[in-house]
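Structure, as structure tokens:
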Amino acid sequence: MKTSNLLLSTTRETPSDAVVISHQLMIRAGIIRPLAGGLYNWLPLGVRVLRKVEAIIRQEMDRAGAQEILMPVVQPLELWDESGRAEDYGPELLRFKDRHDRDFVLGPTHEEIITDLVRREIRSYKQLPANFYQIQTKFRDEIRPRFGVMRSREFIMKDAYSFHMDHDSLQATYDNMYDTYNRIFSRLGLNFRAVQADTGSIGGEGSHEFHVLADSGEDYIAFSTESDYAANVELAEAVAPRGERAAPTAELTKVATPGKHSIEEVCDFLQLKKKVVAKTLLVKGATEAHPVVALVVRGDHELNEIKAQKLELVADPLEMASDEAILAAAGCNAGSIGPVGLNIPVIVDRTAAVMSDFVCGANEDGYHFTGANWERDAQITLVADIRNAVKGDPSPDGKGKLEIRRGIEVGHIFQLGNKYSAALNATVQNENSRAQVLEMGCYGIGVTRVVAAAIEQNYDDKGIMWPESIAPFQVCIVPMQMHKSPRVAEVAEKLYAELQAKGVDVLFDDRAERPGVMFSDMDLIGIPHRIVIGERGLDNGMLEYKHRRDESSQDVAQEGFIDFLLGKLSQ
RNA sequence: CGGAGUGUAGCGCAGCUUGGUAGCGCACCUGUUUUGGGUACAGGUGGUCGGGGGUUCGAAUCCCUCCACUCCGACCA
């Protein structure tokens with residue numbers, strides 16, 4: 001490709017509304033252009049990257065024995081009614097009617113469609129197991145699209161669905177996909193981790209997320225410093241502290257804390273550390289008998305909503321109690337609540353349960369207690385793991401401590417079980433000629449998100465530094481003053497033709513631009529290997545080579561240059 | 001959905017307080033210049049000032065209303 005034939009729409013200025021680096025660089029490098037909220041045009045350079053990502057995914061999925069199919073973006077609402085998800089999915093599911101007034105949706109995912117297809121096509125257990133995948137556009141009407149293509153409304157996803165007669169077969173395919181995903185993300189050149197994940201509303205037994213590690217990630221991941229343990233913080237167990245609770249040494253004392261509500265304010269006011277305070281939150285209960293439930297965590301910890309809403313007494317989804325309900329249950333406003341004398345169930349985090357002589361709200365506006373102690377002053381209904389794991393917690397597998405880092409979720413594999421197959425009655429005949437509901441797994445990769453994630457991990461102040469495997473071009477040729485030097489032009493054209501003949505993906509910058517403009521553009525769009533051709537070098541029979549990540553360039557003899565470059569490419 | 005903010009040339013912005021012929025930088029076009037890291041000079045193209053309504057002799061500017069977008073939060077996979 002020659003730049004004269006490429007829509008190379010680079011800009012010097014950063015768009016003001018792009019807050020993450022990948023979004024900024026994708027706009028500046030001419031990879032994407034915004035169309036409307038959460039919708040983007042992909043320019044030629046961007047499509048080249050997308051196609052490379054897709055090619056790697058296809059190769060590995062095919063190698064793993066999956067079969068590629070293609071399902072429609074537009075789906076009949078009927079199937080979503082049948083699975084029950086039309087209601088569950090809510091406004092994120094974009095609905096519309098066709099000219100015959102029939103209801104349709106834009107597919108945010110394809111479980112219903114594939115299950116419908118399989119129930120029609122697959123009759124016998126002999127046809128199983130089977131794993132079908134597609135690389136396709138999805139639409140989710142996100143409340144708040146942001147970060148460019150990292151959280152857009154329309155995006156490209158590789159989604160795969162497997163079907164099985166029993167759980168062992170599902171487990172085998174799941175394990176196969178786990179390995180396949182590791183291969184895919186390794187080949188994409190990403191620094192990633194597979195982590196145990198919550199199965200969310202889809203349910204099912206096993207689930208792993210694949211996260212690209214980046215500070216701009218929206219998820220928090222807990223790792224063991226000494227083992228392979230890794231889990232989404234949503235899921236990571238905060239293990240019970242060792243040792244018994246210390247015996248009380250202080251008297252329960254009421255102190256005035258006028259106008260101090262947050263843990264921070266109270267601690268500043270009383271000159272305390274947050275870890276000696278018990279934080280009490282009132283949430284809606286799951287039962288009529290207990291419409292409000294108290295949750296207690298240590299002052300320096302955060303409530304984990306996912307863990308809390310799994311408890312029997314707690315409403316799912318978790319919802320904070322209203323101001324009126326708080327006043328009725330505790331006799332004060334939020335900010336002065338504490339477990340002492342509370343007449344509702346009190347669920348205490350494992351760590352908070354071993355506190356002694358702690359500080360808490362006095363259930364009276366403007367007052368707190370010091371020297372509070374469990375059992376003596378406040379009763380515990382249940383001790384449970386209801387907080388987020390934090391840095392330094394012991395790893396749940398008993399090896400090492402937890403480290404917390406941020407990640408971008410680029411892949412997710414699930415064991416779905418029979419949730420969809422049962423709802424849609426997807427059955428086949430088993431060996432006993434009986435209809436049997438299928439076991440399912442599903443496996444997703446956010447293709448467009450991978451592109452953004454790759455940039456989040458690979459950039460410098462000049463622009464993108466693509467991993468070799470997904471760069472829009474492997475090599476760029478930058479001739480100096482080609483339009484005035486027939487010699488430079490001739491060498492450049494010849495090299496271009498030779499590299500193309502060797503199957504190298506090469507971009508030839510044949511614009512009549514100043515060298516500085518060319519260098520800046522090539523750095524910005526992140527081509528890994530750069531060849532500069534100029535009179536100066538040719539006088540000595542030299543070409544100039546530089547890798548995007550190299551500090552400086554090196555002169556390489558024209559003689560044998562192609563072999564030198566091919567050697568670099570195969571590294 | 002709650003809070004905040006912004007809509008003026010393709011992009012980034014000024015002008016609005018105090019109403020009086022639409023501006024700057026980048027980009028783009030022409031010419032000259034320069035030629036190994038976004039060169040310089042000169043000239044030029046391009047705008048329903050988000051839409052509608054109102055006040056006024058006169059509205060980008062003041063008022064009303066609608067729309068769109070962005071940021072923070074909540075919500076949600």
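Every chain is numbered from 1, with letters handed out A, B, ... down the list of sequences. Heavy-atom basis, side chains included; hydrogens, waters and symmetry copies ignored.
Interface remark: the A:R511 side chain does not form any donor-acceptor pair with the B:G38 base, using a distance-only criterion of under 3.5 Å. Side chain A:E544 to base B:G36: a donor-acceptor pair is found below 3.5 Å.
Under the Watson-Crick or G-U wobble criterion, with both distances below 3.5 Å, B:C1 is paired with B:G73. Within the shown strands, nothing qualifies as a pairing partner of B:G47 under the Watson-Crick or G-U definition with both distances less than 3.5 Å. Of the nucleotides present, none pairs with B:U56 by Watson-Crick or G-U wobble criteria with both distances under 3.5 Å. Across the strands present, B:C41 finds its partner in B:G31; the criterion is a Watson-Crick or G-U wobble pair with both atom distances under 3.5 angstrom. Base pairing of B:U61 is not made with any nucleotide, judged by Watson-Crick or G-U wobble geometry with both donor-acceptor distances under 3.5 Å. When Watson-Crick and G-U wobble pairs are counted only if both distances are under 3.5 Å, B:G19 pairs with no nucleotide at all. B:C26 is paired with B:G10 under the Watson-Crick or G-U wobble criterion, all donor-acceptor distances under 3.5 Å.
Within the model, atoms CZ of A:F104 and CD of A:Q75 stand 10.5 Å from one another, a figure rounded to the nearest 0.5 Å. Rounded to the nearest 0.5 angstrom, A:I445 CD1 and A:H412 NE2 are separated by 12.5 Å. Rounded to the nearest 0.5 Å, atoms CD1 (A:I533) and CE (A:M482) are 9.5 Å apart.
Ring planes of A:H208 and A:Y178: perpendicular class, angle over 60° (limits at 30 and 60°).
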Using a cut-off of under 3.5 Å, enumerate the N/O to N/O pairs linking the protein to nucleotides 68-72 of chain B.
unit_1: B:C72; atom_1: OP2; unit_2: A:R144; atom_2: NH1; d: 3.0
unit_1: B:C72; atom_1: OP2; unit_2: A:R144; atom_2: NH2; d: 2.5

Give every pair of a protein N or O atom and an N or O atom of nucleotides 26-31 of chain B that lie under 3.5 Å apart, one pair per line with the distance.
unit_1: B:C26; atom_1: O3'; unit_2: A:R12; atom_2: NH2; d: 3.4
unit_1: B:A27; atom_1: OP1; unit_2: A:R12; atom_2: NH2; d: 2.9

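We find that OH of A:Y443 is positioned 19 Å from C1' of B:A77, with the value rounded to whole Å. Taking atom CD of A:E142 as the reference point, atom P of B:C1 lies 16 Å away to the nearest angstrom. Following rounding to the nearest Å, A:R85 (CZ) and B:C76 (P) show an atom-to-atom distance of 16 Å. Here the C1' atom of nucleotide B:C1 and the CG atom of A:D141 are 14 Å apart, to the nearest Å. We find that CG of A:D219 is positioned 15 Å from P of B:C76, with the value rounded to whole Å. Taking atom CZ of residue A:F139 and atom C1' of nucleotide B:A77, one finds them 15 Å apart after rounding to whole Å. B:G38 atom C1' lies 14 Å from atom CD1 of A:I525, rounded to whole Å. We find that CZ of A:R140 is positioned 19 Å from P of B:C75, with the value rounded to whole Å.
With both ends at atom C1', the span from B:U8 to B:U61 equals 11 Å, rounded to whole Å. With C1' as the reference atom, B:G15 and B:A9 are 15 Å apart, rounded to whole Å. Rounded to a whole angstrom, the distance from the C1' atom of B:G2 to that of B:G54 is 31 Å. When the P atom is used for both B:G50 and B:C11, the distance is 13 Å, rounded to whole Å. A gap of 15 Å separates the C1' atoms of B:A60 and B:U18, to the nearest Å. Comparing B:G25 with B:G20, their C1' atoms are spaced 27 Å from each other, to the whole Å. Nucleotides B:C69 and B:G12 are separated by 15 Å at their P atoms, to the nearest Å. B:A59 sits 13 Å from B:U21 when the C1' atoms are compared, rounded to a whole Å.
Side-chain contact of A:R405 with A:Y220: a donor-acceptor pair under 3.5 Å is absent, judged by distance alone.
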Set out, in order, the CA-CA distance, both residues' side-chain angles and the distance that settles ring-ring contact (aromatic ring centres under 6.0 Å, His included) for A:F132 and A:Y161, then state yes or no.
CA-CA 5 Å; A:F132 301 100; A:Y161 307 90; 9.2 Å; no

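Taking the charged nitrogens against the carboxylate oxygens, A:D159 and A:K138 do have a contact shorter than 4.0 Å, which makes a salt bridge. Under a 4.0 Å N-O distance rule, the pair A:R153/A:D141 qualifies as a salt bridge. Salt bridge status for A:E218 with A:R151: present, with a side-chain N to carboxylate O gap under 4.0 Å. Checked for salt-bridge contact, A:D460 and A:R548 meet the test: a charged N lies under 4.0 Å from a carboxylate O.
The environment of CZ in A:R146 is crowded: more than 12 heavy-atom neighbours from other residues, nucleotides or ligands sit within 6.0 Å.
Within the structure, ring-ring contact (aromatic ring centres under 6.0 Å, His included) pairs that include any residue of residues 511-542 of chain A comprise A:H529-A:Y545, A:H529-A:H547 (at least two apart or interchain).
In this structure, A:E409 and A:S520 both approach RNA chain B, and ranking their closest nucleotides by distance from the 5' end singles out A:S520. Where A:Y89 and A:T11 meet RNA chain B, the nucleotide closest to each residue was compared, and A:T11 sits on the side nearer the 5' end.
When distances run from any side-chain atom of A:M480 to the nucleotides B:G37, B:G36, B:G38, the shortest one goes to B:G36. Taking the side chain of A:K484 as heavy atoms from C-beta on, and the options B:A77, B:U35, B:C76, the nearest nucleotide is B:U35.
Within the 4.0 angstrom heavy-atom criterion, no nucleotide atom of any strand lies near A:V478. Here A:R449 lies out of heavy-atom contact (under 4.0 Å) with every strand.
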